[in-house]
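These notes concern the structure reproduced below.
All values below were derived from every heavy atom in this structure, side-chain atoms included, with hydrogens, water molecules and symmetry-related copies excluded.
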Amino acid sequence: MAMARVGAVLGTRPFCAAGPTAVQPGPAMASVASYESLVHAVSGAVGSATAMTVFFPLDTARLRLQVDEKRKSKTTPAVLLEIIKEEGLLAPYRGWFPVISSLCCSNFVYFYTFNSLKAVWVKGQHSTTGKDLVLGVVAGVVNVLLTTPLWVVNTRLKLQGAKFRNEEIIPTNYKGIVDAFHQIIRDEGVLALWNGTFPSLLLVFNPAIQFMFYEGFKRKLLKKQQQVFSELFPIFHHPLSSVDTRTGRNIPVIVPVMLYTELTSLDVFIIGAVAKAVATTITYPMQTVQSILRFGRHRLNPENRTLGSLKNVLHILRQRVKRFGLVGLYKGLEAKLLQTVLTAALMFLVYEKLTAATFTVMGLKKSQKH
């Protein structure tokens, strides 16, 4: 009881040493279909939707700079002011609903897959950076294969009605998400819904790198906090025993062998931002190709044939470098970094807090160790 009071005062949650009554891990399928995995998935979806809504105009500016080659590369505020002046005050939020719908589905799939596989593989042990990277890649591949059609549709809806500087871009006229799916399948074939799958599969390293850095920073911060606490309160760091004066036998005293300390909101925000910034900068050229292929309305030659998918990735990269130099591969990076870093940081913040609050309300503890 005294231990509980000390933990409450210090703002920590103690873990007790596993005893004979410790709960044993369930089967692999039970881990995959667990309530905890569902909580992580829903929290990730809600966090991503919240963050994207707040910073949506930044993504609009980024997409225009990536797709419209003839739009001059200006600062993000300047691009947004141009869009508002030419297309109206709400133009930066055009396509919000399909993007948020796709984002919720995508992050639900990603977080559910990541945490389910982690529950099966890690099984209550300490995770490692290498494991987090592998899990991130696998979760990313599953996510790409399942949700690419949604991203193709929302990219086109988001750019519909935009005033492009590039006259070669073919305009679209979709009435909504369902109509967009119908027209794409009718005019371009079912496989057109998976335009950009190849660069998207390469880009699974983006969230994988992000998660690897995020989990790594998180573990280091928690370990540092644990070390500081252990130095201040060594009695909680080592198991103790007492001696029965009558029999001379050692009587084990059950005390916490490790204390779990929570990261602050600022900690989560900062490590989420840094992790995403690193991942975005490394993979940005491929993100540009991905956006162009998903949009799919550029003409490849005078015969009005639109760009395909896999075979044109290298062609797009070469053309981009030929016209604008290597800098052309990073056109719109400023807007992307602002949007993606702030979005990822806020998403992780909402995700961590919502997950912790849900487990607290339901009286559960996280089974995975970081």
Side-chain angles (χ1 to χ4, degrees), residues 13 15-48 103-148 200-223 226 257-258 260 262-263 268 271-272 275 279 344 347-348 350-370:
R13 295 185 308 180
F15 277 101
C16 293
T21 59
V23 179
Q24 298 298 322
M29 287 306 297
S31 297
V32 172
S34 70
Y35 173 79
E36 183 175 345
S37 295
L38 181 62
V39 170
H40 281 290
V42 173
S43 298
V46 173
S48 61
L103 195 64
C104 284
C105 293
S106 181
N107 278 276
F108 182 93
V109 171
Y110 189 88
F111 276 88
Y112 192 93
T113 304
F114 182 89
N115 287 284
S116 295
L117 294 177
K118 188 173 182 180
V120 174
W121 192 7
V122 177
K123 295 180 180 178
Q125 302 300 316
H126 287 284
S127 185
T128 64
T129 301
K131 288 182 179 180
D132 288 333
L133 179 60
V134 173
L135 291 171
V137 170
V138 175
V141 170
V142 173
N143 181 36
V144 165
L145 296 178
L146 292 179
T147 65
T148 291
S200 295
L201 287 174
L202 296 179
L203 283 170
V204 299
F205 286 100
N206 183 293
I209 293 171
Q210 175 189 349
F211 257 75
M212 180 184 70
F213 277 95
Y214 176 78
E215 294 288 344
F217 290 147
K218 184 178 176 181
R219 277 192 295 272
K220 286 184 177 180
L221 281 175
L222 288 173
K223 184 178 180 181
Q226 182 62 42
V257 296
M258 182 182 73
Y260 177 81
E262 295 285 353
L263 293 179
V268 174
I271 63 177
M347 182 271 290
F348 274 119
V350 175
Y351 162 69
E352 292 284 356
K353 297 303 178 183
L354 186 56
T355 301
T358 303
F359 286 137
T360 300
V361 170
M362 300 305 294
L364 298 174
K365 293 180 180 179
K366 296 181 182 179
S367 61
Q368 287 99 356
K369 296 179 182 178
H370 296 285

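Closest approach of Ala45 and Ser48 over heavy atoms only: O-OG, 2.8 Å. Heavy atoms only, all atoms of each residue included: Gly44 and Tyr351 are closest at N-CD1, 3.6 Å.
Partners of Phe213 by side chain to side chain contact (heavy atoms under 4.5 Å, CB included), not counting sequence neighbours, listed by chain and number: Ile209, Phe217, Ala275, Val278.
A 4.5 Å side-chain heavy-atom check between Val134 and Trp121 finds at least one atom pair inside the cut-off. Side-chain contact between Thr113 and Asn143 is absent, with no heavy-atom pair separated by less than 4.5 Å. No side-chain heavy atom of Val39 sits less than 4.5 Å from a side-chain heavy atom of Phe111. Residues Phe108 and Leu38 are in side-chain contact: their nearest non-hydrogen atoms beyond the backbone lie under 4.5 Å apart. Using a 4.5 Å heavy-atom threshold, the side chains of Gln210 and Phe348 count as touching.
Sequence neighbours left out, the pairs with a member in residues 130-144 that pass salt bridge (charged side-chain N to carboxylate O under 4.0 Å, His left out) are Asp132-Arg219.
Thr360 contributes atom OG1, which lies 10.0 Å from atom NZ of Lys353 (distance to the nearest 0.5 angstrom).
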